[in-house]
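No hydrogens, no waters, no symmetry mates; every other heavy atom, side chains included, goes into these values. The shown structure was predicted, so the numbers you read here are calculated from the model rather than taken from an experiment.
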Amino acid sequence: MTFGSTSIPNIVFGCADNNQGTFQQFGAAGIVGMGQHAYNWAVSKFIQMTTPLSGMPGHVWWFITCGGMSIGSQQVGSSDDFGLNQDGSGGMMIDSGTTYSQIPSNVINNIANVLPQMTGLSLAGSNNGFPVCLEMSDYGSTPNLPGVVFQLQGMNLELSGDNVWIYPALGIVCLAMNEINGLGVSILGNYQQTNWFINYDLANQQLGFTQTNCQGL
């Protein structure tokens, strides 16, 4: 990548199949920021689903409209949880620099309330910073865990398996999402973007999603 007369080697750019950890943990020197007005990029590739993409005054992030969230067959969040507030807070942004998605605390609580009956597993309390965790009754088997759907404007982003769950300790499985931090904004993080080709079409203000085996590219 070249900025003026300065070239920076070894830039990793593309979709990924193993999004986790921190940049410091893996020795990365930093991230390339591509916020509003920084670039205009649309890749010629078949896009399965699209949702409107928008900027917000005073922010550098890209926002998407989320009308709700479900886990398994249970609705656990609505537009009231993910919508923009009159004071400009709330809403949902997409960010490849945030590892785990951040969602409202009441949605986290709703998920914790429905999981034991849905999975037959007991809640284990927080673990390694993940607020919703379950105790696995049989360490040698993979439990039957539900998927998650983010109900975005014009499409449903259906996530399952490694896009949703993480195993931080022996006998423990956790929802790979955190509560909203001090920004007050929900975030679709890069762990949930694993093995999705994501197309930023700024000219048409559309965000495209195509499920992809990134390891095979």
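The 12-atom threshold is exceeded at CG of N181, counting heavy atoms of other residues, nucleotides or ligands nearer than 6.0 Å.
Nearest heavy atom pair, residue A112 against residue L123, reads O-CD1, 3.6 Å. Of all the heavy atoms in I172 and C133, the pair that sits closest is CG2-CB, 4.0 Å. Across T50 and G208, no two heavy atoms sit closer than the pair CG2-CA, 4.0 Å.
Taken from CG in L84 to OG1 in T65, the straight-line distance is 7.0 Å, to the nearest 0.5 Å. Atoms CD and OG1, from Q193 and T99 in turn, are 10.5 Å apart once rounded to the nearest 0.5 Å. Note: S101 OG to I94 CD1 = 9.0 Å, rounded to the nearest 0.5 Å. Rounding to the nearest 0.5 angstrom, the gap separating the CZ atom in F63 from the CG atom in D95 is 10.5 Å. Rounding to the nearest 0.5 Å gives a distance of 7.0 Å between CG of N195 and CG of N163.
Side-chain atoms of L53 and L202, non-hydrogen and from C-beta on, do get closer than 4.5 Å to each other. Side-chain contact between F209 and L157 is present, with heavy atoms from C-beta onward closer than 4.5 Å. Counting heavy atoms from C-beta outward, Q206 and P52 have side chains that approach closer than 4.5 Å.
Among residues at least two apart or in separate chains, there is no ring-ring contact (aromatic ring centres under 6.0 Å, His included) pair with a member in residues 102-125.
Connection of V76 to I180 is not established within any shared hydrophobic cluster, with ILVMFWY side chains joined at heavy-atom distances below 4.5 Å, either directly or through further cluster members. Hydrophobic clustering of Ile, Leu, Val, Met, Phe, Trp and Tyr side chains at less than 4.5 Å, counting indirect connections, keeps W196 apart from V149.
Side-chain contact of Q75 with Q151: a donor-acceptor pair under 3.5 Å is present, judged by distance alone. Side-chain N/O atoms of D81 and N106 include a donor and acceptor closer than 3.5 Å.
Classification of the Y100-Y191 ring pair by plane angle, with boundaries at 30° and 60°, yields tilted.
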